[in-house]
J.: 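Handing you a structure now.
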Amino acid sequence: MLRYALGRVLLAVPLLFGLSVLSFVYVRLIPGDPVTAMLGVNSNPTVVAQLREQFGLDRPLPGQYGDWLAGVLRGDFGVSFRSQMPISTIIVDRIPATLQLAGAGLVVSLLIAIPAGVAAGMRPGSRLDSLITSATLFGLAVPAFFLGTLLMLLFALTLHLVPSQGYVPFADDPAQSLRLTLLPALTLGLAISPYLARLTRSAVVEVAQEPFVPFARAKGLAPRKISVGYVLRNALPSLVAALGLTVASLMAGSIVVEALFNWPGTGRLVTGAVTERDYAMVEALLLIYGGLFIVVNLVCELAQSLLDPRVRLT
Amino acid sequence: MKTQVAVLVTEPRPAARRRVPLLTTVGASLGLLVLLTIVIGPWLIGQDPYAIDIGNRFAGPGGAHWLGTDELGRDVASRIAYGARATALIAVGAVAIATAIAIPLGVLTGFLGGWVDLVVTRVVDLFFAIPSLLVAIGVIGLFGASVTTTVLALGLSYWPFYTRLIRSAVVGLRSRPNVDAARVLGASRLRVIRTEILTGLVPLVLVQTTVLLGFAILDEAALGFLGLGVQPPQASWGSRLAESREFILVHPELALVAGVPIVLAVFAMNLLSDSLRDRLDAKRTG
Amino acid sequence: MNDVKTAETVLRVRDLAVEFSLRGSVARAVDGVGFEVRAGEIVGMVGESGSGKSVTMLALLGLVPRPGRVVAGSVRLRDIELGALSLRELARLRGRQMALIPSDAGAALNPVTRIGSQVGEGLAAHLPELPRAERPARILDILKRVGLPRPEQQVRRYPHELSGGMQQRVAVAMGVQLGPDLLIADEPTTALDVTIQAQILQLLLDVREQSGTSILFITHDMTTVAEICDRVLVMYAGQIVESGPVVDVCTAPAHPYTRALLDAIPPLGGDPPERLTTIPGAPPDPRAWPAGCRFAERCRLREQLGNPDKCTSLAPELASDGAGRRSRCHFTGSAAEAVVR
Amino acid sequence: MSGESLLSVRGLVKDFRERGFGPGRTAVRAVDDVSFDVYPGETLGLVGESGSGKTTIGRLIVRLEEPTAGRIELRGQDLRGLSGRRSLEFRRDVQMIFQNTQNAFNPRRTVRSVLSDPYQIHRLASGAELEERIGGLLRRVGLTTPMLDRYPQQFSGGQRQRLGIARALAVQPALVVADEPVSGLDVSVQAQVLNLFAELRRELGLAMLFISHDLRAVYFLCERIAVLYLGRLVEIGPRRTLLEDPVHPYTRALIGSIPAFRPGGGFTRTVIKGEISDSEPVKAGCHFAPRCARWRELGQPARCREERPLLRPAAGGGLAACHFAESSPRPLDGVAELAGGIG
């Protein structure tokens, strides 16, 4: 087991390294000069030169990369070109909002998807399964912003139950913060749940076809014991792995949802940085999002191997 | 407890018996509707999607404007119909790019194995680690927003996941005895790939094509919504969303009208891919 | 074993029928199967794939998977009519009065649960009055009885850490731990190597010897039936075509199918024949059983008799000879024997 | 078994390395110094339980795997390092029939397409001639030409195995390696396929390596039988000698564990203790020693644990790898009875 875990962790290291190179190279891929690209062609040469020096663009690439990576490892991502503030400060500032949204969204989607997926998967081909499967197929077709607009229209603009947009930090006013989280989290959760429900269903269906399920029934075990101790328990490892991959949808979904609800999270930074050509910021965000995905999936894989005794041997 | 029921019951999965025909019909009809919108929609509506009529902004449905007019008094119906062409073009182009990268790369790594596989798979994993929407945004950040970059951005954001899918399918196909049989007969690697591997990939690629077309329509719209896709005033489903977003609190119905065709088109793709999956699965297990 | 003929009946199956309906067509996989198993008896149920033996087994356990369904018949275990039981009552009976030994224990054991707790599940489900603290001792005891070496270590292991033979022993332990009246062994040795097969069969014989459990032994292998079973039921196309004491059926088969099945076994020893006797053709389609004898198309006896119309027009009954043998053939008996010899 | 051998296997070794990283991986020796010959027109049976290496030997011979050590020669020509054209010629000489009939065919290709392969790869026929030869091939194995446009999964298990035989025979090989070709088939179907094998051998003069765990099928088809245990060849000899007068204790145990089919005779199998998996084989000694009844009878001589027994000529014209082969009593008293079959 330890060997397996160690091997997995070791595999993640070159991946993270590769990601850092990719993020670094990305900015250097910009056709022409990044500074000119940011400032426009007719910009003041003095400013250009100053910026070039600030970004270290006048030095050889490996050196630039080394400095940048050393900075990153210290938590220093450089300075945002637009706001002239340290990028790490901006991002740290934004992270609580995104985590709050993503966390709440994940809870919503789990609450919907796991029961639905299990119910459908336990009796494939049944009426309930047809209903849930059709619903997920439809749900997959509804874009997050469309869903969000509908929810906003219904709950905020028509029923006036919750505010339509805005964000208050949880620490400042917990009640209002939660009220404001409701719509965005619901949108994000609903948007992801069809995907998660399908993964759950297929994991459950696969396990339910294994010979140990009818054998458990032949042993006279109670249906509850079979669905929990046998089907769900054996589906759990692949569910955990699937959950890791869901993080990507969560990240992508939050970019859109944050835009719709004016939610001041890191997702807004992504769109802002790209439209404003704030390349150092894009660089940092690529690294953070990718790194987070790699780490979350590493954790999920390790959890998966803990849950499945057959993996532990290898 | 391996029952011989399977011998008797030729249906491999008791699932999806009644479901397939009905939903397939729904999917096919919706798909046809979208196709008609693309092909003859603009002609049928007969309005110029770019004709601005400031005096007639936010007009409700009715009269010459079936779905009303937008913030510039343009005909919403014809903007959606023309936009469908652009969106369809983008979706098909993006899927073509992703497929063109994923199949050769997936087959190469999955079939050859060894260090080629090890190295390429690491690189694929690296790209896979970045959420696809972020990859797309990144590409647009490099080249600016336009129809061409949207195609490129979406195509490049799908290939890592698609390559992984193809690779694992190839690894499964490679270890089947029919591949051994072909090798024993003296078939070259290329021949084995052609006769045993690629034929085996057909169902997966068919299913994935429909799935990805759905994704591409959704992502084109998402990019448009974020203001990173096709740029207004050019008509596409995504740019229509970008335009309507500014008025979302005042005229949310514009965003909803813009979203409905997206939902229908993607739902059609999902239904088709699902029934395709069932059908091809059934055929495989006989 | 000697008093088997007078022993009481443990299982009585009457006119059992199971149907699978698919895409408008109905396949009657089991069609009018009836037999008995007496106390302490090992009854073999032999048939090729598609003969209905596995579906019969699932029907006995009340586990016919959808879209299959038991459409007729009665199954009585001791004095309990299984068809009249609720799902809950049936579940309580499975594993306690009637237990299954699966064909591939490696696939039938829960891969994520340790051997000890898995054996204990049966105790927990069926003997809730047994104090928790006493379970480990019971588990070790039964594992010892089935000859699992070093049971104290094995209880902490997972199924995949055991060899095929050990997994099968664990499955047998689960089957016999509550002293069932009937043990249904579904091809319990098919997945095993031949030296391990011998071990498991020996174990089943020991179980019968020690606890007098009746065993319904489902298999496709006539040679195994010949050595461990008291009586045999031969199945073909969803029906029992012949039944009787093993020695009688194997040495002087009454039904042409049984004879063909025995003739197809490659002989071991001496100079092998130039060719083996085969059964031409394939079994009929369960969605459209032939009107007459289901074996008629492939029957050598019918050919030798000059293809009488009776075989294809009239379905033969499973006729008893009054001495414990039954055969589903119009021409069973001396007349036909004379022609064949 | 006189004259030039068609296939000659000498000191064949195959190690499989565990998947993973680093030097800690253990190698499993699946085939351990195995040597034998197959003569023209002869069928050699290879029997053994799971883990005996019989399938690996088959795959090594058809070059689906590369040996770790040892030589495989066809008509005196070493197969290692065959390249290009020579390799293709070898493929025409040696063919294989596979076990799993369900997966041995690509479900997306028609029978016509699959059976065209050998002719196209070796440029043997095309057009009308190809069509004619495929038809002939199909009839030869007892199938009909209308079946050409069907898919493999539309056939029964027995029919599919006939297709497998047809595919292997298309190039008119001199040697066919058949890996468990009848396991998983019903008894009646198995008999049909075995008859087909026997027929083809007689008519085509085919040499065959018949790999099976089913001693009955092997005995019917093979003039000589080789017995494998944990990667090693423990005994090889003419079928009657091997069955009626086995020399190696494992061969005896193996034969003893097969049901004899004597209705009324009761359970008469030899039950050998232990399993392959729980006897950690001592590399230097005899692999079978931990389960060997004779070893225990002889008071567990150290020689069996320390010295690897080599194949030596035994009575009856066979070879056996046992240090104490001579000191054994005759195994079975009732061989004649055993041989009786079912009459």
J.: Between chain A and each of Leu93(C), Ile184(C), Leu109(C), Thr113(C), count heavy-atom pairs under 4.5 Å; write down the option with the most.
T.: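 Greatest number of close heavy-atom pairs with chain A: Leu109(C).
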
J.: I want to check something: taking the side chain as every heavy atom from C-beta on, are Arg66(C) and Arg123(A) in contact at a cut-off of under 4.5 Å?
T.: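 Yes. Closest side-chain heavy atoms under 4.5 Å.
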
J.: With no hydrogens and no angle check, is any side-chain donor or acceptor of His126(C) less than 3.5 Å from a backbone partner on Lys219(A)?
T.: yes

J.: Would you say Arg78(C) has more than 12 foreign heavy atoms packed within less than 6.0 Å of its CZ?
T.: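 Atom CZ in Arg78(C) is crowded, with more than 12 foreign heavy atoms closer than 6.0 Å.
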
J.: Crowded around Leu73(A) CG? As in, over 12 foreign heavy atoms under 6.0 Å?
T.: yes

J.: Would you mind telling me which of Pro111(C), Ala124(C), Ala105(C), Gly175(C) has the largest number of heavy-atom pairs within less than 4.5 Å of chain A?
T.: Pro111(C)

J.: To the nearest 0.5 Å, what is the distance between CD on Gln118(C) and CZ on Phe212(A)?
T.: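 That separation rounds to 9.5 Å.
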
J.: Say you draw a straight line from CZ of Arg94(C) to CZ of Arg217(A); how long is it, rounded to the nearest 0.5 Å?
T.: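 Arg94(C) atom CZ to Arg217(A) atom CZ measures 6.0 Å (nearest 0.5 Å).
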
J.: Measuring only between side-chain heavy atoms, which start at C-beta, is Glu161(C) closer than 4.5 Å to Arg310(A)?
T.: no

J.: Quick check: closest heavy atoms across Leu63(C) and Pro214(A), and the distance to 0.1 Å?
T.: CD1-O, 3.7 Å

J.: For residues Asp104(C) and Pro211(A), determine if any side-chain heavy atom of one lies less than 4.5 Å from a side-chain heavy atom of the other.
T.: no

J.: Can you tell me if CD on Glu206(A) sees more than 12 non-hydrogen neighbours from other groups inside 6.0 Å?
T.: no

J.: What I'd like to find out is whether the side chain of Asn110(C) reaches to under 4.5 Å of the side chain of Asn234(A), using heavy atoms alone.
T.: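 Touching, per the 4.5 Å side-chain cut-off.
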
J.: Name the member of Ala91(C), Ala99(C), Ala171(C) that forms the most heavy-atom pairs with chain A at distances under 4.5 Å.
T.: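 Among the listed options, the one with the most contacts to chain A is Ala91(C).
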
J.: With heavy-atom distances below 4.5 Å as the criterion, would you say the side chains of Pro309(A) and Arg114(C) are in contact?
T.: no

J.: So, do Lys225(A) and Glu121(C) sit near enough that their side-chain heavy atoms are less than 4.5 Å apart?
T.: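 Heavy-atom side-chain distance check passes, below 4.5 Å.
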
